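Notes for the one structure printed next.
Index from 1, following the sequence. Remember, predicted model here, so these are calculated numbers, not experimental data.
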Amino acid sequence: DMEEGGLSGTVNVRTARPLTIGEQRLALSSFASWESNSGKVAPRLSGLYSNTFADDRLGVLVAGAYTERRPETHRILMSSYRALNELDGGSATNSLPADFNGDGEITDTFVNVPRGTRTEILKEDRKRASLAAVVEYDATDNLRLFVEGFYSKLNVESESLENLHLLFQATGDNFDPSGTQVTTIDGVDPSLPLFGNEFGLVLGLDNADIRGNSRTEQRKAETYSITAGGEYTKGPWTVNAEFNYSNSDQLADNLNLAQIQRFGITTILVPGAEIPGIAYNAESDARRLDPNQGIVASVNGPFERLSTDEIVEGALDIEKAIYDNIITSVKFGVKFTDRQQFADGRTLVVPAADFGPLAGLEATTAQASGFNVAPYTQLVTPGRGDFLGTYSGDVPFVSEWIATDTLAVLDDFTMEELLAAGFINENQASWVDVKEKVFSAYAMANFEDESGRITGNFGVRLVHTKQDSVGIA
């Protein structure tokens, strides 16, 4: 009598029932947790009221809750390798000839260069309010009817303050050939471009592409559900019928003011180390916290993306108890489910050439061309304590950096102004448009031996599923 498969798993949530409680009851609770990384307090409030009326034949229950979460996550990671040719950079974007293996020569040789290292501080603010209500009524001694509803509203605001060190897009040469370390790695798939090349472990390149960005998420979601049904019992027979409608809508933006900085960096990959390392050469380290070093790349990201999930389902279950027999009960039933899921793929792109004039940005003096992004930057530091404070090793990494401030952009410009300056790219490959209908029927028997030590069930189940989906590859 359980449904498997389908578009998503089934979560069977049963709220407290007022006629089961059987008396007037009021419960209130509150507590708060302290987020150690952010140094912020996250409260939670909840309450429940239940009572019965009409000689305990009518029951009403109302419950609500409000929660906030304000976590902060720190992380550092290295992306994959890319095979680059010393003569032409392997046709990588903006790459020039470079001594990738540190042997003092630039030859027709491929070296597997780390794509880059990423440090990130993710700050989140999640607020959720929910309300549930149940009404039960004993129409007769054998028939109990009920209606229950649920509503939830979620608001999420998050900021991913990332620092991408894209070594493979450097436009300068190896500034420390004597410190370069390369190695060979066995077991590489011969079909991969990496096969047969040396891997860079310690490699420093000038004018690496550094992206100190702030990708923001602003997401609002509403979910509601209503269920009506009843239970009829007479003698050994029990009949349950239930109908449910639920719907979830979500609207999300995930915009990013992207910048490009140019610094000399060294990627450090120590075998067996807990984390990858990153270090700046002396000249770049002296200016890396100067907000005037970056230029605008673009404003981009998912824009007003809508996703919906709608479910209509009904079920009927009939059970008969059997006494004084190894078969304790037999049960059969049917269920129908109609699900529809949809999500679009809208992405906003505002090129630098259009955002610069809109924001009144000046021309850069730190790079050959572009708009100075300094008015929309911020110094990224942990909310509390140290970045990666639990790490006790000696691999160097960046603990603070200059990132863009996308939230400041959203404060200064409306979505309509950004849309007028840019354009919408419909990423149709990310669309979700699925409709599914599932009909199922089952029959089963429960058994138990006289000692009660052996129990179990057996039965059959028939499922018919029809699914229609639309997608563009």
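Looking only at side-chain heavy atoms (C-beta outward), N247 and Y224 come within less than 4.5 Å of each other. Residues S130 and F150 form a side-chain contact, since some pair of their non-hydrogen atoms from C-beta on lies under 4.5 Å apart. Counting heavy atoms from C-beta on, the side chains of E319 and N446 come closer than 4.5 Å. Side-chain contact between V299 and T406 is absent, with no heavy-atom pair separated by less than 4.5 Å. Between V296 and L257 there is a side-chain heavy-atom pair separated by less than 4.5 Å. Between E242 and N240, the closest side-chain pair of non-hydrogen atoms is not below 4.5 Å. Contact of the N37 side chain with the T73 side chain is not registered, since no non-hydrogen atoms from C-beta on lie closer than 4.5 Å. Counting heavy atoms from C-beta on, the side chains of Y81 and L269 come closer than 4.5 Å.
Checked against the 6.0 Å centroid threshold, H74 and F387 count as a close aromatic pair.
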Practice item. Applying side-chain contact (heavy atoms from CB on, under 4.5 Å), run through E124 and R69 and close with a yes or a no. Key: CA-CA 7 Å; E124 299 177 87; R69 287 292 315 279; over 6 Å; no
Point to revise | Stepwise side chain to side chain donor-acceptor pair (under 3.5 Å) check, S214 with T404 | key: CA-CA 5 Å; S214 63; T404 57; 3.3 Å; yes
Exercise for review: Check step by step if side chain to side chain donor-acceptor pair (under 3.5 Å) holds for S248 and T223.
Suggested key: CA-CA 4 Å; S248 178; T223 300; 3.2 Å; yes
Exercise for review: List the steps, then state whether salt bridge (Lys or Arg N to Asp or Glu O under 4.0 Å) holds for R17 with E148.
Suggested key: CA-CA 10 Å; R17 296 302 180 106; E148 62 181 51; 3.0 Å; yes
Practice item. Apply the test salt bridge (Lys or Arg N to Asp or Glu O under 4.0 Å) to residues K123 and E159: give CA-CA distance (whole Å), side-chain angles for both, the deciding distance (0.1 Å), then the verdict. Key: CA-CA 5 Å; K123 299 182 179 182; E159 189 176 22; 5.9 Å; no
Exercise for review: Evaluate side chain to side chain donor-acceptor pair (under 3.5 Å) for S80 paired with R115, printing each intermediate quantity in order.
Suggested key: CA-CA 6 Å; S80 59; R115 288 179 178 268; 3.1 Å; yes
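Shortest non-hydrogen contact noted between V334 and A441 is CG1-CB, 3.9 Å. Heavy-atom minimum distance, I21 versus A16: CD1-CB, 4.4 Å. Here the closest heavy-atom approach between residue L166 and residue R211 is recorded as CD1-CG, 4.0 Å. Taking each heavy atom of A258 and N213 in turn, the nearest pair found is CA-OD1, 3.3 Å. V463 and S440 make their closest contact through CG2-CB, 4.0 Å (heavy atoms, listed as atom of the first residue, atom of the second, distance). The two atoms that bring L167 and P114 nearest to each other are CB-O, 3.6 Å, heavy atoms only.
Not counting sequence neighbours, W431 has no partner by the ring-ring contact (aromatic ring centres under 6.0 Å, His included) test. Applying the side chain to side chain donor-acceptor pair (under 3.5 Å) rule to E222 yields the partners Y151; only residues at least two apart in sequence or on another chain are considered. For the side chain to side chain donor-acceptor pair (under 3.5 Å) test, residues two or more places apart in sequence or in another chain that qualify with D125 are K127.
By the 6.0 Å and 45° rule, R461 does not stack over the aromatic ring of Y442.
A salt bridge does not link E35 with K40: every distance from a Lys NZ or Arg NE/NH1/NH2 to an Asp or Glu carboxylate oxygen is 4.0 Å or more. Residues D141 and K234 are not paired through a salt bridge, judged by the lack of any N-O separation under 4.0 Å between the basic side chain and the carboxylate. With respect to the salt-bridge test (charged N to carboxylate O, under 4.0 angstrom), the residues R118 and E162 qualify. Salt bridge present: R339 and E436 bring a charged side-chain N and a carboxylate O closer than 4.0 Å.
Remark: the backbone N or O of L194 is paired with a side-chain donor or acceptor of N112 at under 3.5 angstrom.
The aromatic rings of F355 and F413 lie perpendicular to each other, with more than 60° between the two planes, well past the 30° mark.
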